[in-house]
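Below is one structure, written out as structure tokens; comments come after it.
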Amino acid sequence: MKKLAILIFLLVFFPLAIIEVQATDDIWEEGEVISGDLGKYQYDNQYKITLDEDARLTFTLKDFPDNDKNRGGKDYIIKVIGLHYEGLAYISTSQNDGDPAKTVQSVNLKKGSYDVNITKFNYDSEVEYSVSYQTSPIIGTDIEPNNNNQTAMLLKMDDTVSGELNGIGINQDHDMYKIEVTKFGKMKFQLKRTEGTNSPDYLLLSAKGKDGKQHRFYLTSYNGTPNEFEHLFEPGTYYIKIFLGNSEQAISYYTLNTSFTELVEEDWEPDVLKNNKTYNGFWYSVVESDLFSFTLAKDAKVIFFGETLNGLGALSLLRPINVELISNSSKFRVEKELVEGRYYVNFRASGENKDEYKGYTLKMQIQSFKDVPTNHPYYEQIEALTQLGVNKGYPDGSFHPKEAIQRQHVFAFIDRLDGIEFPKIREMKSFTDVNTSQLFYPEIKKFYEAGIINGYGTYMGPNLNVTRGELAKILVNTFKLEMNGNGISFKDVKSSDIFYNDIQILASNRITVGSNGNYMPNDPVTREQFSAFLHRIVNKK
């Protein structure tokens, strides 16, 4: 019984499937008029066109506005098909083109063979058709096929291209462009629909971001009004798609302008926020946001500064706590006391529900010590070393920046840096003022065994203040610094002085520039000055 039912199904429905498409291998010659009918159960007829060279094909479709078989003036469609049955152009009869007798429309095609389908809007209707085509030289920069990554047209970083979209319904025709970006920067796109259908043109930029995800940005052009947006690009290959909105009159002409500005990458939308650095960025819609992270080496007050160039912004901490700092603001300064750990910050567009380009700036300042505010002359150096775990400060939350630094503290601070090696060249000896129970004994032992320090006979002087001359020797020996160009002739440092060579090495590496032509080798080094010395070396390396 089941087999009989299947047989009846095949006999009844299969013949219908066969007559739905009337395909032919006949070559449609230039100037030849193709006429025919599409019956009620016949969806389309197929023809072939072969081009020996790139050409512009202009199709002339006869309109049948008064024919009872045809409905509403939009009767039949020409569909130009490329490889893998990919639709390249969709041309329909139209009563809105000012000519009730015919519809004329063109498309640029690369040399090759194409299938051309003549089909109808309504499957259950009956229509007549009459079509011919002529070839002429290419006009513009848009040549089909250009509908995928393999056939995309090359777009330069600073370029203007013009094209035309032929499509019936939603997103039938589209143009693909490929752009090779060789440096980090910001590219501005301007899309303008110059003439044709009243439906909008859309530009879709699909770019892979730093997070590995595909990011899509839309640009819409209505009524010939140019629209523009900007996007950050890392070096790489990108593809841009331009397509037509929902349109029954399938023609639209557009121009696309691009302009590229090279930027310093670390100044724009980083993954990790650095202290006291201003970053730039932008959004394209009210649902877009940028995610950043930062790490606190110790409990601190964190200050956020932000400004949106047009529109409003909202700033939130996401992890390990979830709190909104600012909801709707064009400019803000907000403080938050935070414990040590890793944090994630979300900065997003807010305010009115309108998608458009919104630029912004964002800056974060960390204040780890109550006596080193953000306007302190050595704030940046002290705070940078704090975030590296070097500067610990005192239990009351202070740093004592003006206090002279002791020898043992110098050893401890330097030892906290990652990657510092202390190759052992000798055994530790006994010093009158050093014993194994002292807080910084391991650091003192490490510096002595590496030959960086010698002490003063039987004394090490761990609690003594470090002079600027002694610090020069410690830094040169620890970081294995060498002469790097010319030094500086300081008025108070003679070539016969014990620390002369060390001071000159520091100066040649721009670790020190002195003050008013003097180095002051016998002056004690303050904790803030030591932070400046060490910070310069860390940044140099």
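Position 1 is the first residue of the sequence, and the numbers go up from there.
Between the side chains of Y254 and D175, a donor-acceptor pair is found at a separation under 3.5 Å. Side-chain polar atoms of R56 and T135 form no donor-acceptor pair below 3.5 angstrom. Under the 3.5 Å distance criterion, with hydrogens and angles disregarded, no donor-acceptor pair is assigned to the side chains of E383 and N275. Between the side chains of E180 and T237, at least one donor-acceptor pair of N or O atoms lies under 3.5 Å. Side-chain atoms of T160 and N257 form a donor-acceptor pair, as typed in the model, at a separation below 3.5 Å. In this structure, a donor-acceptor pair under 3.5 Å is absent between the side chains of D142 and N108. No side-chain donor from either of T93 and D63 sits under 3.5 Å from a side-chain acceptor of the other. For S289 and N346, the side-chain atoms include at least one donor-acceptor pair closer than 3.5 Å. There is no side-chain donor-acceptor pair under 3.5 Å between N148 and Y239. Side-chain N/O atoms of N509 and K540 include a donor and acceptor closer than 3.5 Å. In the model, S259 has no side-chain atom that pairs as donor or acceptor with a side-chain atom of D158 under 3.5 Å.
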*I would like to know whether D115 and K48 meet salt bridge (charged side-chain N to carboxylate O under 4.0 Å, His left out); could you show each step before the answer?*
CA-CA 5 Å; D115 289 332; K48 288 186 179 297; 2.7 Å; yes
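Taking the six-membered ring where the residue is Trp, F189 and F233 present tilted rings, their angle falling between 30° and 60°.
Between N276 and Y379, some side-chain heavy-atom pair lies under the 4.5 Å cut-off. Side chains of I78 and V116 form a contact here, defined as non-hydrogen atoms less than 4.5 Å apart. A 4.5 Å side-chain heavy-atom check between S330 and E307 finds every atom pair outside the cut-off.
Not a single donor-acceptor pair under 3.5 Å links the side chain of H535 to the backbone N or O of L385.
Distance CD1/I240 to NE2/H231: 9.5 Å, rounded to 0.5 Å. Rounding to the nearest 0.5 Å gives a distance of 7.5 Å between NZ of K336 and CG of L317. For the atom pair E32 CD and I27 CD1, the distance stands at 10.0 Å (nearest 0.5 Å). Separation of atoms CZ (F304) and CZ (F292) is listed at 11.0 Å; rounding is to 0.5 Å. Atoms OG and CD, on S368 and Q387 in that order, are 5.0 Å from each other to the nearest 0.5 Å. The structure places OH of Y47 at 5.0 Å from CD1 of I118, a figure rounded to the nearest 0.5 Å.
Between D267 and K277, at least one side-chain N (NZ, or NE/NH1/NH2) sits under 4.0 Å from a carboxylate O, which counts as a salt bridge. Under 4.0 Å is where a charged nitrogen must lie from a carboxylate oxygen, and between D44 and K120 no such pair does. Under the 4.0 Å criterion applied to side-chain N and carboxylate O atoms, K186 and E230 are assigned as salt-bridge partners.
Counted within 6.0 Å of CD on E324, heavy atoms from surrounding residues, nucleotides or ligands total more than 12; the atom is thus considered enclosed. Annotation for N375: atom CG counts as buried by contact number, over 12 foreign heavy atoms lying within 6.0 Å. Other residues, nucleotides and ligands contribute only 12 or fewer heavy atoms inside 6.0 Å of the NZ atom of K102.
Ring centroids of F184 and W268 are separated by 6.0 Å or more, keeping the two rings apart.
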